[in-house]
Number of protein chains: 2
Amino acid sequence: MDPLTDRQTEILRLIREMTEVSGFPPTRAEIARAMGFRSVNAAEQHLRALEKKGVLEILAGASRGLRVRDPRPALRLGKLMELPVVGRVAAGSPILAEAHVQGRYQLDPNLFTPRADYLLRVRGMSMRDAGILDGDLLAVHRTHEARTGQIVVARLADEVTVKRFRRRGHAVQLLPENADFEPIEVDLRQDSLAIEGIGVGVIRTGRSL
Amino acid sequence: MDPLTDRQTEILRLIREMTEVSGFPPTRAEIARAMGFRSVNAAEQHLRALEKKGVLEILAGASRGLRVRDPRPALRLGKLMELPVVGRVAAGSPILAEAHVQGRYQLDPNLFTPRADYLLRVRGMSMRDAGILDGDLLAVHRTHEARTGQIVVARLADEVTVKRFRRRGHAVQLLPENADFEPIEVDLRQDSLAIEGIGVGVIRTGRSL
DNA sequence: CTCCGTACTGTGTCTACATTCAGCAGTGAA
DNA sequence: TTCACTGCTGAATGTAGACACAGTACGGAG
(Lines give C-alpha, C1' and ligand atoms only; values in the text may rest on other atoms or scores of the structure.)
Protein backbone atom coordinates (compact mmCIF):
# COMPACT_ATOMS: atom_id res chain seq x y z
CA MET A 1 0.00 0.00 0.00
CA ASP A 2 1.27 3.46 -0.87
CA PRO A 3 2.49 5.41 2.13
CA LEU A 4 0.47 8.41 3.18
CA THR A 5 1.80 11.93 2.77
CA ASP A 6 2.16 14.13 5.84
CA ARG A 7 -0.95 16.06 4.93
CA GLN A 8 -2.97 12.89 4.40
CA THR A 9 -1.83 11.47 7.73
CA GLU A 10 -2.96 14.67 9.35
CA ILE A 11 -6.39 14.45 7.75
CA LEU A 12 -6.80 10.83 8.76
CA ARG A 13 -5.90 11.62 12.34
CA LEU A 14 -8.32 14.52 12.28
CA ILE A 15 -11.14 12.26 11.14
CA ARG A 16 -10.35 9.84 13.93
CA GLU A 17 -10.28 12.59 16.52
CA MET A 18 -13.46 14.29 15.40
CA THR A 19 -15.27 10.96 15.30
CA GLU A 20 -14.06 10.17 18.78
CA VAL A 21 -15.17 13.51 20.18
CA SER A 22 -18.53 14.03 18.49
CA GLY A 23 -19.59 10.44 18.07
CA PHE A 24 -19.81 10.63 14.29
CA PRO A 25 -17.45 11.40 11.41
CA PRO A 26 -17.02 14.98 10.13
CA THR A 27 -18.42 16.42 6.90
CA ARG A 28 -16.19 17.80 4.14
CA ALA A 29 -16.99 21.29 5.33
CA GLU A 30 -16.04 20.47 8.90
CA ILE A 31 -12.74 18.97 7.81
CA ALA A 32 -12.02 22.02 5.69
CA ARG A 33 -12.79 24.35 8.56
CA ALA A 34 -10.63 22.40 10.99
CA MET A 35 -7.74 22.32 8.54
CA GLY A 36 -8.14 25.94 7.52
CA PHE A 37 -9.09 25.23 3.91
CA ARG A 38 -11.16 27.83 2.19
CA SER A 39 -12.61 25.26 -0.17
CA VAL A 40 -14.51 22.16 0.80
CA ASN A 41 -13.13 20.53 -2.27
CA ALA A 42 -9.69 20.43 -0.68
CA ALA A 43 -11.15 18.06 1.89
CA GLU A 44 -12.91 16.08 -0.80
CA GLN A 45 -9.64 15.59 -2.70
CA HIS A 46 -7.86 14.35 0.39
CA LEU A 47 -10.63 11.91 1.14
CA ARG A 48 -10.37 10.52 -2.38
CA ALA A 49 -6.65 10.09 -1.97
CA LEU A 50 -7.09 8.34 1.36
CA GLU A 51 -9.69 6.05 -0.16
CA LYS A 52 -7.44 5.20 -3.08
CA LYS A 53 -4.71 4.28 -0.67
CA GLY A 54 -7.08 1.96 1.08
CA VAL A 55 -7.10 3.49 4.54
CA LEU A 56 -10.53 5.08 4.33
CA GLU A 57 -13.92 3.95 3.18
CA ILE A 58 -16.31 6.45 1.62
CA LEU A 59 -19.97 5.51 1.41
CA ALA A 60 -21.36 7.27 -1.63
CA GLY A 61 -24.31 9.53 -1.01
CA ALA A 62 -24.33 9.17 2.74
CA SER A 63 -23.65 12.25 4.79
CA ARG A 64 -20.67 11.70 7.07
CA GLY A 65 -20.23 8.37 5.33
CA LEU A 66 -16.60 7.94 6.29
CA ARG A 67 -15.11 4.88 7.89
CA VAL A 68 -11.46 4.66 8.83
CA ARG A 69 -10.23 1.22 7.93
CA ASP A 70 -8.73 0.05 11.13
CA PRO A 71 -6.21 -2.72 10.76
CA ARG A 72 -8.01 -4.26 13.70
CA PRO A 73 -6.89 -7.81 14.33
CA ALA A 74 -9.48 -10.28 13.11
CA LEU A 75 -12.38 -10.50 15.47
CA ARG A 76 -12.42 -14.23 15.50
CA LEU A 77 -10.58 -14.24 18.76
CA GLY A 78 -10.07 -17.71 20.01
CA LYS A 79 -12.98 -19.90 19.19
CA LEU A 80 -15.66 -17.24 19.26
CA MET A 81 -18.02 -16.54 16.46
CA GLU A 82 -19.23 -13.11 15.62
CA LEU A 83 -22.75 -13.33 14.32
CA PRO A 84 -24.41 -10.57 12.32
CA VAL A 85 -27.88 -9.45 13.40
CA VAL A 86 -30.12 -9.22 10.37
CA GLY A 87 -33.12 -6.92 10.53
CA ARG A 88 -35.90 -6.28 8.10
CA VAL A 89 -35.00 -7.93 4.84
CA ALA A 90 -35.87 -5.93 1.76
CA ALA A 91 -37.63 -7.70 -1.04
CA GLY A 92 -35.37 -9.37 -3.55
CA SER A 93 -32.09 -8.84 -1.78
CA PRO A 94 -29.98 -11.51 -0.15
CA ILE A 95 -30.44 -11.91 3.57
CA LEU A 96 -26.86 -11.26 4.45
CA ALA A 97 -26.60 -8.06 2.40
CA GLU A 98 -24.63 -5.58 4.43
CA ALA A 99 -27.57 -3.20 4.40
CA HIS A 100 -29.61 -5.49 6.61
CA VAL A 101 -26.98 -6.02 9.23
CA GLN A 102 -28.00 -4.07 12.31
CA GLY A 103 -25.27 -5.25 14.61
CA ARG A 104 -23.00 -8.08 15.56
CA TYR A 105 -22.76 -10.23 18.63
CA GLN A 106 -20.08 -12.57 19.78
CA LEU A 107 -21.45 -15.89 20.87
CA ASP A 108 -20.16 -19.15 22.15
CA PRO A 109 -20.16 -21.64 19.27
CA ASN A 110 -21.16 -24.41 21.64
CA LEU A 111 -24.44 -22.67 22.26
CA PHE A 112 -26.21 -23.90 19.14
CA THR A 113 -26.21 -27.13 17.17
CA PRO A 114 -25.80 -27.13 14.29
CA ARG A 115 -23.74 -23.98 14.08
CA ALA A 116 -25.61 -20.65 13.84
CA ASP A 117 -24.59 -18.46 10.92
CA TYR A 118 -26.56 -15.34 11.69
CA LEU A 119 -29.26 -13.91 13.94
CA LEU A 120 -32.53 -12.87 12.34
CA ARG A 121 -34.72 -10.37 14.15
CA VAL A 122 -38.20 -11.84 14.01
CA ARG A 123 -41.15 -9.61 13.19
CA GLY A 124 -44.70 -10.41 14.17
CA MET A 125 -46.32 -12.94 16.42
CA SER A 126 -47.00 -15.76 13.97
CA MET A 127 -44.72 -18.13 15.90
CA ARG A 128 -45.90 -17.08 19.35
CA ASP A 129 -46.83 -20.58 20.50
CA ALA A 130 -43.37 -21.84 19.62
CA GLY A 131 -42.02 -19.30 22.07
CA ILE A 132 -40.78 -16.97 19.34
CA LEU A 133 -42.05 -13.45 19.94
CA ASP A 134 -41.89 -10.20 18.06
CA GLY A 135 -38.39 -8.77 18.29
CA ASP A 136 -36.70 -12.04 19.19
CA LEU A 137 -33.45 -13.02 17.55
CA LEU A 138 -33.66 -16.33 15.73
CA ALA A 139 -30.33 -18.09 15.44
CA VAL A 140 -30.24 -19.44 11.90
CA HIS A 141 -28.12 -22.16 10.37
CA ARG A 142 -27.73 -21.58 6.65
CA THR A 143 -28.93 -24.50 4.59
CA HIS A 144 -31.27 -25.15 1.68
CA GLU A 145 -32.55 -28.41 3.06
CA ALA A 146 -35.26 -28.66 5.64
CA ARG A 147 -37.04 -31.56 7.27
CA THR A 148 -40.63 -31.72 8.44
CA GLY A 149 -41.00 -30.26 11.90
CA GLN A 150 -38.07 -27.91 11.68
CA ILE A 151 -38.44 -24.17 11.96
CA VAL A 152 -37.33 -22.60 8.70
CA VAL A 153 -36.46 -19.21 7.33
CA ALA A 154 -38.16 -19.24 3.94
CA ARG A 155 -38.36 -16.82 1.10
CA LEU A 156 -41.68 -16.75 -0.69
CA ALA A 157 -42.31 -14.20 -3.41
CA ASP A 158 -39.58 -11.93 -2.09
CA GLU A 159 -40.93 -12.13 1.44
CA VAL A 160 -38.80 -13.62 4.15
CA THR A 161 -40.77 -15.50 6.77
CA VAL A 162 -40.20 -17.78 9.72
CA LYS A 163 -42.50 -20.80 9.95
CA ARG A 164 -42.57 -24.48 10.86
CA PHE A 165 -41.86 -26.65 7.83
CA ARG A 166 -43.90 -29.65 6.71
CA ARG A 167 -43.47 -31.51 3.44
CA ARG A 168 -45.51 -34.22 1.74
CA GLY A 169 -44.25 -34.95 -1.73
CA HIS A 170 -44.68 -31.81 -3.80
CA ALA A 171 -46.82 -30.12 -1.19
CA VAL A 172 -45.11 -27.99 1.38
CA GLN A 173 -46.85 -26.34 4.28
CA LEU A 174 -45.42 -23.41 6.16
CA LEU A 175 -47.19 -23.51 9.49
CA PRO A 176 -47.50 -20.58 11.86
CA GLU A 177 -47.68 -21.39 15.55
CA ASN A 178 -50.52 -19.06 16.37
CA ALA A 179 -54.18 -19.75 15.70
CA ASP A 180 -54.66 -16.18 14.45
CA PHE A 181 -52.53 -16.90 11.39
CA GLU A 182 -53.19 -19.10 8.40
CA PRO A 183 -50.88 -21.85 7.16
CA ILE A 184 -49.20 -21.18 3.83
CA GLU A 185 -49.56 -23.90 1.22
CA VAL A 186 -46.92 -24.21 -1.46
CA ASP A 187 -46.88 -26.49 -4.48
CA LEU A 188 -43.26 -27.01 -5.41
CA ARG A 189 -44.23 -27.73 -9.02
CA GLN A 190 -45.55 -24.22 -9.59
CA ASP A 191 -44.50 -21.99 -6.77
CA SER A 192 -40.96 -20.98 -5.99
CA LEU A 193 -39.86 -21.53 -2.43
CA ALA A 194 -36.37 -20.89 -1.17
CA ILE A 195 -35.24 -22.22 2.18
CA GLU A 196 -32.72 -19.78 3.57
CA GLY A 197 -31.93 -21.71 6.70
CA ILE A 198 -33.27 -23.50 9.74
CA GLY A 199 -33.79 -22.11 13.20
CA VAL A 200 -31.39 -23.52 15.74
CA GLY A 201 -32.07 -21.22 18.67
CA VAL A 202 -33.72 -18.12 20.03
CA ILE A 203 -32.33 -15.16 21.91
CA ARG A 204 -34.58 -12.61 23.53
CA THR A 205 -33.15 -9.45 24.96
CA GLY A 206 -34.87 -7.52 27.70
CA ARG A 207 -37.32 -5.39 25.79
CA SER A 208 -39.90 -7.98 24.87
CA LEU A 209 -39.46 -9.95 28.04
CA MET B 1 -35.34 9.92 34.94
CA ASP B 2 -38.48 8.57 33.33
CA PRO B 3 -38.18 4.97 32.30
CA LEU B 4 -38.13 4.27 28.58
CA THR B 5 -41.01 2.54 26.88
CA ASP B 6 -40.40 -0.75 25.09
CA ARG B 7 -40.43 0.98 21.74
CA GLN B 8 -38.03 3.67 22.89
CA THR B 9 -35.64 1.07 24.25
CA GLU B 10 -35.76 -0.68 20.91
CA ILE B 11 -34.97 2.52 19.04
CA LEU B 12 -32.09 3.32 21.36
CA ARG B 13 -30.63 -0.12 20.90
CA LEU B 14 -31.05 0.18 17.15
CA ILE B 15 -29.11 3.44 17.14
CA ARG B 16 -26.32 1.82 19.10
CA GLU B 17 -26.23 -1.18 16.80
CA MET B 18 -26.28 0.83 13.59
CA THR B 19 -23.59 3.15 14.88
CA GLU B 20 -21.47 0.18 15.83
CA VAL B 21 -21.81 -1.40 12.42
CA SER B 22 -21.55 1.53 10.05
CA GLY B 23 -19.30 3.77 12.09
CA PHE B 24 -21.77 6.63 12.26
CA PRO B 25 -25.29 7.16 13.63
CA PRO B 26 -28.33 6.53 11.42
CA THR B 27 -30.53 9.17 9.84
CA ARG B 28 -34.24 9.47 10.62
CA ALA B 29 -35.00 7.73 7.35
CA GLU B 30 -32.66 4.86 8.13
CA ILE B 31 -34.21 4.35 11.54
CA ALA B 32 -37.67 4.40 9.99
CA ARG B 33 -36.63 1.84 7.39
CA ALA B 34 -35.07 -0.47 9.95
CA MET B 35 -38.11 -0.25 12.21
CA GLY B 36 -40.58 -0.59 9.39
CA PHE B 37 -42.07 2.90 9.78
CA ARG B 38 -43.59 4.40 6.70
CA SER B 39 -43.04 7.90 7.98
CA VAL B 40 -39.69 9.39 8.89
CA ASN B 41 -41.51 11.52 11.38
CA ALA B 42 -42.19 8.46 13.51
CA ALA B 43 -38.43 8.21 14.00
CA GLU B 44 -38.20 11.94 14.66
CA GLN B 45 -40.82 11.73 17.41
CA HIS B 46 -39.02 8.85 19.08
CA LEU B 47 -35.76 10.75 19.01
CA ARG B 48 -37.42 13.73 20.67
CA ALA B 49 -38.83 11.48 23.37
CA LEU B 50 -35.42 9.90 23.95
CA GLU B 51 -33.83 13.32 24.15
CA LYS B 52 -36.42 14.54 26.62
CA LYS B 53 -35.72 11.53 28.79
CA GLY B 54 -32.06 12.40 28.77
CA VAL B 55 -30.65 9.28 27.16
CA LEU B 56 -29.93 10.78 23.77
CA GLU B 57 -28.32 13.96 22.54
CA ILE B 58 -29.53 15.54 19.31
CA LEU B 59 -27.30 18.09 17.63
CA ALA B 60 -29.62 20.48 15.82
CA GLY B 61 -29.02 20.83 12.13
CA ALA B 62 -26.30 18.24 11.88
CA SER B 63 -27.01 15.19 9.79
CA ARG B 64 -26.67 12.02 11.84
CA GLY B 65 -26.17 14.29 14.83
CA LEU B 66 -27.14 11.69 17.41
CA ARG B 67 -25.16 10.79 20.48
CA VAL B 68 -26.26 8.13 22.92
CA ARG B 69 -25.57 9.23 26.47
CA ASP B 70 -23.95 6.62 28.66
CA PRO B 71 -21.91 5.16 25.89
CA ARG B 72 -21.64 1.70 27.34
CA PRO B 73 -18.01 1.06 28.09
CA ALA B 74 -18.38 -2.45 26.79
CA LEU B 75 -15.72 -2.48 24.13
CA ARG B 76 -15.20 -5.68 22.35
CA LEU B 77 -11.61 -6.07 23.35
CA GLY B 78 -12.02 -9.67 24.25
CA LYS B 79 -14.05 -8.54 27.22
CA LEU B 80 -16.41 -11.43 27.13
CA MET B 81 -18.41 -12.62 30.03
CA GLU B 82 -18.48 -16.22 30.94
CA LEU B 83 -21.87 -16.99 32.42
CA PRO B 84 -22.55 -20.05 34.52
CA VAL B 85 -25.57 -22.13 33.61
CA VAL B 86 -27.52 -22.95 36.74
CA GLY B 87 -29.73 -26.00 36.73
CA ARG B 88 -32.10 -27.34 39.32
CA VAL B 89 -31.58 -25.48 42.54
CA ALA B 90 -31.68 -27.60 45.65
CA ALA B 91 -33.78 -26.36 48.52
CA GLY B 92 -32.03 -24.06 50.93
CA SER B 93 -28.79 -23.61 49.02
CA PRO B 94 -27.67 -20.47 47.24
CA ILE B 95 -28.36 -20.31 43.54
CA LEU B 96 -24.80 -19.90 42.49
CA ALA B 97 -23.52 -22.81 44.56
CA GLU B 98 -20.95 -24.66 42.48
CA ALA B 99 -23.02 -27.82 42.65
CA HIS B 100 -25.73 -26.29 40.51
CA VAL B 101 -23.49 -25.09 37.74
CA GLN B 102 -24.06 -27.27 34.70
CA GLY B 103 -21.77 -25.44 32.36
CA ARG B 104 -20.54 -22.08 31.24
CA TYR B 105 -21.11 -20.05 28.11
CA GLN B 106 -19.24 -17.06 26.85
CA LEU B 107 -21.57 -14.27 25.77
CA ASP B 108 -21.35 -10.80 24.37
CA PRO B 109 -21.90 -8.30 27.21
CA ASN B 110 -23.89 -6.05 24.88
CA LEU B 111 -26.53 -8.69 24.51
CA PHE B 112 -28.49 -7.96 27.69
CA THR B 113 -29.38 -4.83 29.62
CA PRO B 114 -28.87 -4.71 32.49
CA ARG B 115 -25.96 -7.09 32.67
CA ALA B 116 -26.76 -10.79 32.97
CA ASP B 117 -25.02 -12.56 35.85
CA TYR B 118 -26.01 -16.13 35.19
CA LEU B 119 -28.22 -18.34 33.09
CA LEU B 120 -30.98 -20.26 34.80
CA ARG B 121 -32.33 -23.38 33.14
CA VAL B 122 -36.11 -22.98 33.35
CA ARG B 123 -38.21 -25.98 34.30
CA GLY B 124 -41.87 -26.34 33.42
CA MET B 125 -44.29 -24.45 31.25
CA SER B 126 -45.69 -21.93 33.72
CA MET B 127 -44.29 -19.02 31.69
CA ARG B 128 -45.23 -20.42 28.30
CA ASP B 129 -47.22 -17.39 27.16
CA ALA B 130 -44.29 -15.12 27.89
CA GLY B 131 -42.31 -17.16 25.41
CA ILE B 132 -40.32 -18.98 28.08
CA LEU B 133 -40.49 -22.70 27.53
CA ASP B 134 -39.29 -25.75 29.42
CA GLY B 135 -35.55 -26.06 29.06
CA ASP B 136 -34.95 -22.43 28.09
CA LEU B 137 -32.10 -20.50 29.61
CA LEU B 138 -33.22 -17.38 31.43
CA ALA B 139 -30.55 -14.69 31.57
CA VAL B 140 -30.75 -13.30 35.10
CA HIS B 141 -29.49 -10.04 36.53
CA ARG B 142 -28.82 -10.40 40.26
CA THR B 143 -30.78 -7.92 42.30
CA HIS B 144 -33.11 -7.92 45.27
CA GLU B 145 -35.35 -5.22 43.90
CA ALA B 146 -38.12 -5.88 41.43
CA ARG B 147 -40.77 -3.71 39.84
CA THR B 148 -44.25 -4.67 38.82
CA GLY B 149 -44.27 -6.28 35.42
CA GLN B 150 -40.76 -7.64 35.55
CA ILE B 151 -40.00 -11.31 35.34
CA VAL B 152 -38.35 -12.39 38.55
CA VAL B 153 -36.43 -15.32 39.93
CA ALA B 154 -37.95 -15.71 43.38
CA ARG B 155 -37.30 -18.00 46.26
CA LEU B 156 -40.38 -19.00 48.19
CA ALA B 157 -40.14 -21.54 50.96
CA ASP B 158 -36.90 -22.91 49.59
CA GLU B 159 -38.32 -23.27 46.10
CA VAL B 160 -36.86 -21.24 43.26
CA THR B 161 -39.40 -20.14 40.71
CA VAL B 162 -39.67 -17.86 37.68
CA LYS B 163 -42.77 -15.68 37.53
CA ARG B 164 -43.99 -12.25 36.58
CA PHE B 165 -43.87 -9.89 39.55
CA ARG B 166 -46.68 -7.65 40.71
CA ARG B 167 -46.72 -5.66 43.90
CA ARG B 168 -49.44 -3.66 45.63
CA GLY B 169 -48.31 -2.47 49.00
CA HIS B 170 -47.71 -5.52 51.17
CA ALA B 171 -49.33 -7.86 48.69
CA VAL B 172 -47.15 -9.46 46.09
CA GLN B 173 -48.42 -11.62 43.29
CA LEU B 174 -46.22 -14.03 41.39
CA LEU B 175 -48.06 -14.54 38.14
CA PRO B 176 -47.56 -17.46 35.81
CA GLU B 177 -48.08 -16.79 32.10
CA ASN B 178 -50.15 -19.86 31.42
CA ALA B 179 -53.82 -20.28 32.23
CA ASP B 180 -53.17 -23.82 33.50
CA PHE B 181 -51.25 -22.45 36.49
CA GLU B 182 -52.45 -20.49 39.49
CA PRO B 183 -51.02 -17.17 40.62
CA ILE B 184 -49.10 -17.23 43.89
CA GLU B 185 -50.17 -14.67 46.47
CA VAL B 186 -47.65 -13.53 49.03
CA ASP B 187 -48.20 -11.25 52.00
CA LEU B 188 -44.89 -9.66 52.81
CA ARG B 189 -45.94 -9.20 56.45
CA GLN B 190 -46.14 -12.91 57.12
CA ASP B 191 -44.48 -14.80 54.29
CA SER B 192 -40.85 -14.65 53.37
CA LEU B 193 -40.08 -13.88 49.78
CA ALA B 194 -36.59 -13.47 48.41
CA ILE B 195 -36.01 -11.96 44.99
CA GLU B 196 -32.92 -13.56 43.53
CA GLY B 197 -32.86 -11.55 40.33
CA ILE B 198 -34.79 -10.30 37.34
CA GLY B 199 -34.97 -11.86 33.92
CA VAL B 200 -33.19 -9.83 31.28
CA GLY B 201 -33.25 -12.27 28.40
CA VAL B 202 -33.95 -15.75 27.13
CA ILE B 203 -31.79 -18.17 25.19
CA ARG B 204 -33.25 -21.28 23.63
CA THR B 205 -30.93 -23.83 22.12
CA GLY B 206 -31.96 -26.19 19.40
CA ARG B 207 -33.30 -29.08 21.44
CA SER B 208 -36.52 -27.46 22.58
CA LEU B 209 -37.07 -25.47 19.41
C1' DC C 1 -64.70 15.15 29.59
C1' DT C 2 -60.41 17.15 28.52
C1' DC C 3 -55.58 16.99 28.49
C1' DC C 4 -51.26 14.71 27.94
C1' DG C 5 -48.06 11.05 26.34
C1' DT C 6 -47.21 7.37 23.10
C1' DA C 7 -47.11 5.85 18.52
C1' DC C 8 -47.73 6.39 14.30
C1' DT C 9 -48.97 8.21 8.62
C1' DG C 10 -48.26 11.72 5.16
C1' DT C 11 -46.69 16.03 3.05
C1' DG C 12 -43.75 19.65 2.51
C1' DT C 13 -39.82 23.04 3.16
C1' DC C 14 -35.28 24.44 3.74
C1' DT C 15 -30.49 23.54 4.11
C1' DA C 16 -26.53 20.71 5.19
C1' DC C 17 -23.72 17.88 2.48
C1' DA C 18 -21.73 15.21 -1.19
C1' DT C 19 -19.96 15.61 -5.49
C1' DT C 20 -18.57 17.59 -9.97
C1' DC C 21 -16.31 21.02 -12.93
C1' DA C 22 -12.86 24.51 -13.91
C1' DG C 23 -8.50 26.43 -12.62
C1' DC C 24 -3.75 27.50 -10.51
C1' DA C 25 0.82 26.25 -8.55
C1' DG C 26 4.77 23.34 -7.17
C1' DT C 27 7.61 19.07 -7.46
C1' DG C 28 9.71 15.03 -9.16
C1' DA C 29 10.14 11.53 -12.82
C1' DA C 30 10.61 10.01 -17.83
C1' DT D 1 9.05 19.34 -21.80
C1' DT D 2 5.37 16.86 -20.95
C1' DC D 3 3.11 14.01 -17.62
C1' DA D 4 1.45 12.59 -13.14
C1' DC D 5 0.62 13.63 -8.46
C1' DT D 6 0.01 16.71 -4.44
C1' DG D 7 -2.44 20.58 -2.61
C1' DC D 8 -5.16 23.88 -2.94
C1' DT D 9 -9.37 28.10 -4.56
C1' DG D 10 -14.00 28.96 -6.04
C1' DA D 11 -18.54 28.09 -7.73
C1' DA D 12 -22.38 25.23 -8.95
C1' DT D 13 -25.76 21.41 -8.57
C1' DG D 14 -28.67 17.85 -6.90
C1' DT D 15 -30.16 15.43 -3.22
C1' DA D 16 -29.92 13.49 1.47
C1' DG D 17 -31.59 14.55 5.53
C1' DA D 18 -33.48 17.59 9.55
C1' DC D 19 -37.54 19.29 10.97
C1' DA D 20 -42.18 21.51 11.05
C1' DC D 21 -47.21 21.04 10.41
C1' DA D 22 -51.45 18.45 10.14
C1' DG D 23 -53.83 14.28 11.26
C1' DT D 24 -55.45 9.60 13.42
C1' DA D 25 -55.69 6.48 17.29
C1' DC D 26 -55.32 4.82 21.95
C1' DG D 27 -54.85 4.74 26.93
C1' DG D 28 -54.30 6.85 31.40
C1' DA D 29 -54.61 10.79 34.74
C1' DG D 30 -57.14 14.44 36.68
Side-chain angles (χ1 to χ4, degrees), chain A residues 1-15 18-19 22-67 88 99 123-125 134-135 207-208, chain B residues 1-15 18-19 22-67 147-149 166 168:
Chain A
M1 188 204 302
D2 294 342
L4 302 186
T5 67
D6 288 355
R7 211 66 174 139
Q8 286 164 1
T9 309
E10 205 175 340
I11 300 266
L12 195 63
R13 207 205 48 235
L14 181 72
I15 295 173
M18 294 181 87
T19 306
S22 66
F24 38 84
T27 64
R28 272 71 165 166
E30 286 165 357
I31 294 173
R33 186 149 24 86
M35 293 292 293
F37 302 155
R38 303 173 65 184
S39 167
V40 293
N41 193 38
E44 177 75 22
Q45 299 296 333
H46 278 297
L47 295 181
R48 296 299 177 88
L50 288 169
E51 189 187 33
K52 204 156 63 178
K53 292 187 177 177
V55 294
L56 184 74
E57 227 174 315
I58 301 178
L59 285 87
S63 66
R64 304 177 190 275
L66 306 178
R67 205 182 298 163
R88 194 167 291 268
R123 290 293 159 196
M125 280 304 213
D134 185 63
R207 181 186 71 273
S208 45
Chain B
M1 186 206 307
D2 294 344
L4 301 186
T5 67
D6 288 356
R7 212 66 174 139
Q8 287 165 0
T9 308
E10 201 175 346
I11 300 266
L12 195 64
R13 205 209 48 239
L14 182 73
I15 295 173
M18 294 181 88
T19 306
S22 65
F24 38 84
T27 64
R28 272 68 164 169
E30 285 165 356
I31 294 173
R33 185 148 25 85
M35 294 292 294
F37 300 156
R38 301 211 280 171
S39 168
V40 292
N41 195 38
E44 175 76 22
Q45 299 295 339
H46 278 298
L47 295 182
R48 296 301 179 87
L50 288 169
E51 189 187 33
K52 204 156 63 178
K53 292 186 177 178
V55 295
L56 184 74
E57 226 173 316
I58 301 179
L59 286 86
S63 67
R64 303 177 190 274
L66 306 178
R67 204 181 300 162
R147 287 200 301 274
T148 290
R166 180 188 289 171
R168 282 173 182 162

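Labels below follow one simple rule: chain letters A, B, ... track the order of the sequence lines, proteins then strands, and each chain is numbered from 1.
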**Q** Taking B:T5's backbone N and O only, do any of them form a donor-acceptor pair with B:Q8's side chain (distance below 3.5 Å, no angle check)?
**A** yes
**Q** Under the salt bridge (Lys or Arg N to Asp or Glu O under 4.0 Å) rule, collect the residues that match up with A:R67, sequence neighbours excluded.
**A** A:E57
**Q** Within this structure, what is the CE-CZ distance for the pair B:M35 and B:R7, rounded to the nearest 0.5 Å?
**A** 3.5 Å
**Q** Separation of B:E44 atom CD from C:dC14 atom P, in whole Å?
**A** 17 Å
**Q** Output the single nucleotide from D:dT6, C:dT19, C:dT6 whose closest atom is nearest the side chain of A:R28.
**A** C:dT19
**Q** What is the distance, rounded to the nearest whole Å, between atom CG of A:L50 and atom C1' of D:dC5?
**A** 14 Å
**Q** Rounded to the nearest 0.5 Å, what's the gap from CG on A:L50 to CD1 on A:I11? Could you check?
**A** 7.0 Å
**Q** Identify each atom pair where a protein N or O and an N or O of nucleotides 21-25 of chain D are less than 3.5 Å apart, giving names and distance.
**A**
{"unit_1": "D:dC21", "atom_1": "N4", "unit_2": "B:N41", "atom_2": "ND2", "d": "3.0"}
{"unit_1": "D:dA22", "atom_1": "N6", "unit_2": "B:N41", "atom_2": "ND2", "d": "3.3"}

**Q** Can you check the A:D134 CG to C:dA7 C1' distance for me, whole Å?
**A** 15 Å
**Q** It should be established whether B:H46 places a side-chain nitrogen or oxygen under 4.0 Å from OP1 or OP2 of nucleotide C:dC8.
**A** yes
**Q** Separation of A:I31 atom CD1 from C:dA16 atom C1', in whole Å?
**A** 15 Å
**Q** Figure out the CZ/P separation between A:R33 and C:dA16, and round it to whole Å.
**A** 11 Å
**Q** What distance do A:I58 atom CD1 and A:E51 atom CD have between them, rounded to the nearest 0.5 Å?
**A** 4.0 Å
**Q** Under 3.5 Å between N/O atoms: give me all the protein pairs with nucleotides 27-30 of chain D, atom names plus distance.
**A**
none

**Q** Could you state the atom-to-atom distance from CD of B:E10 to C1' of C:dT6 in whole Å?
**A** 14 Å
**Q** Looking only at the side chain of B:T27 (C-beta and beyond, no hydrogens), which of the listed nucleotides C:dG10, D:dA18, D:dA20 gets closest?
**A** D:dA18
**Q** If you measure from CG on B:L12 to NE2 on B:H46, what distance do you get to the nearest 0.5 Å?
**A** 12.0 Å
**Q** Send over the distance from A:K52 NZ to D:dG7 P, rounded to a whole Å.
**A** 12 Å
**Q** I need the minimum non-hydrogen distance between B:A43 and B:A32, along with the two atoms involved.
**A** CB-N, 4.2 Å
**Q** Going by the rule side chain to side chain donor-acceptor pair (under 3.5 Å), which residues pair with A:E30 if we only count those two or more places apart in sequence or in a different chain?
**A** A:R64
**Q** Measuring from atom OG of A:S39 to atom CZ of A:R28, what distance do you get when rounded to the nearest 0.5 angstrom?
**A** 12.5 Å
**Q** Once you round it to whole Å, what is the distance between P of C:dG5 and CD of B:Q8?
**A** 12 Å
**Q** It should be established whether B:T5 places a side-chain nitrogen or oxygen under 4.0 Å from OP1 or OP2 of nucleotide C:dG5.
**A** no
**Q** Determine the contact category for A:A42: base if any of its heavy atoms lies under 4.0 Å from a base atom, sugar-phosphate if only primed atoms, P, OP1 or OP2 are that close, otherwise nothing.
**A** base
**Q** Residues of residues 57-65 of chain B with any non-hydrogen atom less than 4.0 angstrom from an atom of DNA chain C: list those, numerically ordered, please.
**A** B:G61, B:A62, B:S63
**Q** Side chain of A:K53 only, please: which of D:dT6, C:dA18, C:dA7 is the nearest?
**A** D:dT6
**Q** Is the shortest side-chain heavy-atom distance between A:I15 and A:L47 below 4.5 Å?
**A** yes
**Q** With a 4.0 Å limit, can you tell me whether B:R38 has a side-chain N or O closer than that to the phosphate oxygens OP1/OP2 of C:dG10?
**A** yes
**Q** The criterion is side chain to side chain donor-acceptor pair (under 3.5 Å); which residues satisfy it with A:R48, sequence neighbours excluded?
**A** A:E44
**Q** After noting the C-alpha distance and the side-chain angles of B:L66 and A:F24, does the key distance pass the side chain to side chain contact (heavy atoms under 4.5 Å, CB included) rule?
**A** CA-CA 8 Å; B:L66 306 178; A:F24 38 84; 6.0 Å; no
**Q** Let's see if you can work this out: which of D:dC19, C:dC8, D:dC8 has an atom nearest to the side-chain heavy atoms of A:F37?
**A** D:dC8
